[in-house]
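Data first, discussion second: the structure below is written as structure tokens.
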Amino acid sequence: MTMINDRREIRGWMMYDWANSAFSTTVVTALLGPYILALAASSTAPLSVFGVRIEPAAIFPFASSMSVLLQVLFLPFLGTIADFTNLKKRLMLTFAYIGAVATVFLFFIRADMPGLGTNGAVVVGSLLYILANLAFGAAVVSYNAFLPDIASPDKRDEVSSRGWAVGYLGGGLLLLINLGLLTVMEDTALAVRISLASAGVWWLVFTYLFPHKRLVQRDAARQLPPGTNMFKHGIERVWNTLLEMWRQYPMTFRYLIAYLIYNDGIQTVIIVSTAFAADELGVETQSLLLLVLMIQFVAFGGALAFGYLAKRFGAKRAIMVSLIIWSALVIYAFAFLYTETQLFVLGFVLALVLGGSQALSRSLFSQMIPADHEAEYFGFYEISERGTSWIGPLAFAAAVQITGSQRIAIVSLIIFFVVGLALLSRVNVRQAMLDSGNDPAGVVL
């Protein structure tokens with residue numbers, strides 16, 4: 001028998017954030033971007049695709065965009081399958097394990113890779129990252145869709161915020177271990193490769209120990225119509241779900257568009273931040289890891305603090321405050337960020353809003369979607385979840401390609417926060433909840 005607000009299951013659900021945050025922190029945020037950049041820069045011949053030379057600083061953002069372009073095509077379809085079958089938990093675990101194994105294989109990416117050379121290593125490393133990031137997003141679709149199953153509406157902001165906080169703590173702990181490894185090992189490249197692989201091992205082990213054993217698969221409330229199959233119906237539902245949101249749940253649709261825009265900006269800052277610091281400011285790898293480590297632990301407190309703000313003022317207002325701060329941070333990075341000390345000050349403020357803006361965005365969306373459509377709707381939501389943005393990195397990479405400067409490119413990201421804030425301000429949360437059949441009683445609006 002399944003129960004809502006069951007502490008054991010909620011803790012098992014939260015621990016998936018602990019498990020997969022190792023990938024977000026060590027691989028996406030801290031190490032892989034600078035490592036790929038350094039590999040590409042050390043090559044004796046420039047990397048070219050279809051005869052077009054690719055700048056080393058643009059390779060990782062391009063790979064990030066490619067992985068999410070695939071998610072745009074794949075995740076909404078996957079969400080439909082999860083809602084119409086009893087495969088939600090199995091899909092989550094399968095993709096988690098695929099992503100973890102692909103991450104472990106990053107250990108073998110090194111300069112002068114046998115049979116491939118440095119440029120070949122860059123390409124294979126980018127492909128492994130694309131696969132791991134695609135699997136990461138696919139697993140999180142089902143993971144997020146469990147939130148309405150395990151927490152009542154009045155508890156979701158709190159549960160979501162605590163999940164993000166636990167994730168930052170877990171990601172920070174592994175990063176602390178990797179920082180120690182980089183400090184004591186003379187071969188920095190080997191230390192980086194071990195650290196990248198450790199994120200995959202961490203993801204694999206804690207997924208098995210907690211969500212694998214504690215999450216309970218609910219029976220699907222909807223069945224496939226007679227005379228159709230999963231693939232055909234999944235394709236049809238992707239289009240029908242978009243039309244359904246637009247026509248029947250216009251506030252939910254408006255919120256989703258706002259979220260996709262402003263969170264794309266957030267994810268782009270996360271993805272390019274360490275490469276920016278290394279290239280523009282000359283910050284060493286150990287200092288970068290220390291910065292990301294600080295962000296992880298400050299973000300732990302920030303996620304909890306924003307959960308408290310949501311209790312007092314509502315999730316929407318708390319998110320809007322965070323977007324104003326994000327806009328200010330981008331301006332600061334462009335105009336005033338020149339020293340390592342300034343970078344750490346910016347990182348501290350960024351960490352305060354990082355976890356809160358994302359945790360509350362997830363819980364707020366879960367309030368606006370109709371029952372039994374959770375995975376289907378979160379399939380669209382996940383297009384711009386943690387580490388899975390595409391327009392922002394693509395715009396950033398294009399700006400770097402054109403200007404040759406990451407500093408000029410980063411100021412372009414402010415448009416994502418401004419437009420997202422403007423759209424979010426016009427979302428009527430109470431109306432969205434009523435339209436989708438959810439009870440706003442007890443929810444601070």
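The shown structure was predicted, so the numbers you read here are calculated from the model rather than taken from an experiment.
- Two residues are said to be in side-chain contact when any heavy atoms from C-beta on lie closer than 4.5 Å; Pro370 and Tyr249 meet this criterion.
- Between the Trp13 side chain and the Leu215 main chain, no donor and acceptor come within less than 3.5 Å of each other.
- Rounding to the nearest 0.5 angstrom, the gap separating the CD atom in Gln217 from the CE atom in Met92 is 11.0 Å.
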Which pairs of donor and acceptor atoms, one on a side chain in residues 191-204, lie under 3.5 Å apart (sequence neighbours left out)?
from	atom 1	to	atom 2	distance (Å)
Arg193	NE	Phe107	O	2.6
Arg193	NH2	Phe107	O	3.1
Ser195	OG	Asn178	OD1	3.3
Ser195	OG	Ala191	O	2.8
Ser198	OG	Asn178	OD1	3.3
Ser198	OG	Asn178	ND2	3.4
Ser198	OG	Ser195	O	2.6
Trp202	NE1	Trp18	O	3.1
Trp203	NE1	Tyr16	OH	3.2

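- Using a distance-only test at 3.5 Å, with no hydrogens or angles considered, a donor-acceptor pair links the side chain of Tyr35 to the main chain of Ile109.
- Proximity of the aromatic rings of Phe378 and Phe365 is defined here by a centroid distance below 6.0 angstrom, and this criterion is met.
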Does Leu169 form a side-chain contact (heavy atoms from CB on, under 4.5 Å) with Leu173? I'd like the steps, not just the answer.
CA-CA 6 Å; Leu169 193 61; Leu173 180 59; 6.0 Å; no
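- Between Tyr208 and Lys213 the shortest heavy-atom distance is O-CG, 3.5 Å.
- Side-chain polar atoms of Ser366 and Glu374 form no donor-acceptor pair below 3.5 angstrom.
- Atom OG of Ser273 is separated from atom CG of Leu346 by 9.5 Å, given to the nearest 0.5 angstrom.
- With hydrogens and angles ignored, the 3.5 Å screen pairs no side-chain donor or acceptor of Arg214 with any backbone N or O of Glu9.
- Every side-chain contact (heavy atoms from CB on, under 4.5 Å) that Val419 has, sequence neighbours left out, goes to Ile261, Ile415, Leu423.
- For Phe334, the ring pair (Phe, Tyr, Trp, His ring centres under 6.0 Å) test picks out no residue, with sequence neighbours left out.
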Yes or no on side-chain contact (heavy atoms from CB on, under 4.5 Å) for Ser142 and Lys89, after CA distance, side-chain angles and deciding distance?
CA-CA 7 Å; Ser142 295; Lys89 179 179 177 181; over 6 Å; no
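- Residues Ile331 and Val411 form no side-chain contact, since every pair of their non-hydrogen atoms from C-beta on lies 4.5 Å or further apart.
- The environment of Glu284 atom CD is sparse: at most 12 non-hydrogen atoms of other residues, nucleotides or ligands sit within 6.0 angstrom.
- Taking the side chain as every heavy atom from C-beta outward, Leu337 and Phe276 approach each other to under 4.5 Å.
- Judged purely by atom type and a 3.5 angstrom limit, Thr268 uses its side chain to pair as donor or acceptor with the backbone of Asp264.
- Contact check for Leu131 versus Leu127: no side-chain heavy atoms found under the 4.5 Å cut-off.
- With a 4.5 Å cut-off on side-chain heavy atoms, Asn133 and Phe23 count as touching.
- Across every non-hydrogen atom of Ile319 and Ser357, the tightest pair is CG1-O, 4.3 Å.
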Would you check, one step at a time, whether the test side-chain contact (heavy atoms from CB on, under 4.5 Å) holds for Phe396 with Phe62?
CA-CA 9 Å; Phe396 183 87; Phe62 274 136; over 6 Å; no
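- Side-chain contact between Val159 and Met14 is present, with at least one heavy-atom pair separated by less than 4.5 Å.
- A donor-acceptor pair under 3.5 Å is formed between the side chain of Thr29 and the backbone N or O of Ser24.
- Under the ring-ring contact (aromatic ring centres under 6.0 Å, His included) rule, Trp326 has a single partner from Tyr262, Tyr332, Phe417, Phe416, which is Phe417.
- The salt bridge (charged side-chain N to carboxylate O under 4.0 Å, His left out) pairs that include a residue from residues 122-137 number zero, where partners must be two or more places apart or lie in different chains.
- Residue Leu360 comes nearest to Ala310 through the heavy atom pair CD2-CB, 3.6 Å, listed as atom of the first residue, atom of the second, then distance.
- Using a 4.5 Å heavy-atom cutoff, the side chains of Phe60 and Leu37 are not in contact.
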Could you please spell out the steps behind the side-chain contact (heavy atoms from CB on, under 4.5 Å) verdict for Thr103 and Val27?
CA-CA 8 Å; Thr103 303; Val27 177; 3.8 Å; yes
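- Within the structure, the ring-ring contact (aromatic ring centres under 6.0 Å, His included) test picks out no pair touching residues 279-307 (sequence neighbours left out).
- Taking CG of Leu32 as the start and OG of Ser126 as the end, the distance is 7.5 Å to the nearest 0.5 Å.
- Look at Arg162 and Asp17 and you find no salt bridge, because none of the NZ, NE, NH1 or NH2 atoms lies under 4.0 Å from a carboxylate O.
- Using a distance-only test at 3.5 Å, with no hydrogens or angles considered, a donor-acceptor pair links the side chain of Ser67 to the main chain of Ser64.
- Within the 3.5 Å criterion, the main-chain N or O of Leu323 finds a donor-acceptor partner in the side chain of Ser327.
- Although no hydrogens or angles enter the test, the distance criterion places no donor-acceptor pair under 3.5 Å between the side chain of Glu244 and the main chain of Asn240.
- To the nearest 0.5 Å, atom CG of residue Leu424 and atom OG of residue Ser361 are 8.0 Å apart.
- More than 12 heavy atoms of other shown residues, nucleotides or ligands fall within 6.0 angstrom of atom CZ in Phe210.
- The closest side-chain heavy-atom distance from Glu340 to Leu281 is not below 4.5 Å.
- The shortest heavy-atom contact between Pro34 and Leu31 is CD-O, 3.4 Å.
- In plain terms, the two heavy atoms of Val298 and Leu352 that are nearest each other are CG1-CD2, 3.7 Å.
- A pairwise comparison of heavy atoms in Val400 and Ala409 identifies CG2-CB, 3.8 Å as the closest pair.
- For Ser160 (side chain) and Asp157 (main-chain N/O), no donor-acceptor pair under 3.5 Å exists by modelled atom type.
- The closest donor-acceptor contact from the side chain of Asn263 to the backbone of Ile266 lies at 3.5 Å or more, if one exists at all.
- For the residue pair Asp279/Gln406, the side-chain donor-acceptor check at 3.5 Å is satisfied.
- Note: Tyr143 OH to Lys88 NZ = 13.0 Å, rounded to the nearest 0.5 Å.
- Aromatic ring centres of Phe95 and Phe74: separated by under 6.0 Å.
- One finds the CD1 atom of Ile369 at 8.5 Å from the OG1 atom of Thr252 (value rounded to the nearest 0.5 Å).
- Qualifying salt bridge (Lys or Arg N to Asp or Glu O under 4.0 Å) partners for Glu280, counting only residues two or more places apart in sequence or in other chains: Arg407.
- Surrounding CZ of Phe336 are at most 12 heavy atoms belonging to other residues, nucleotides or ligands under 6.0 Å away.
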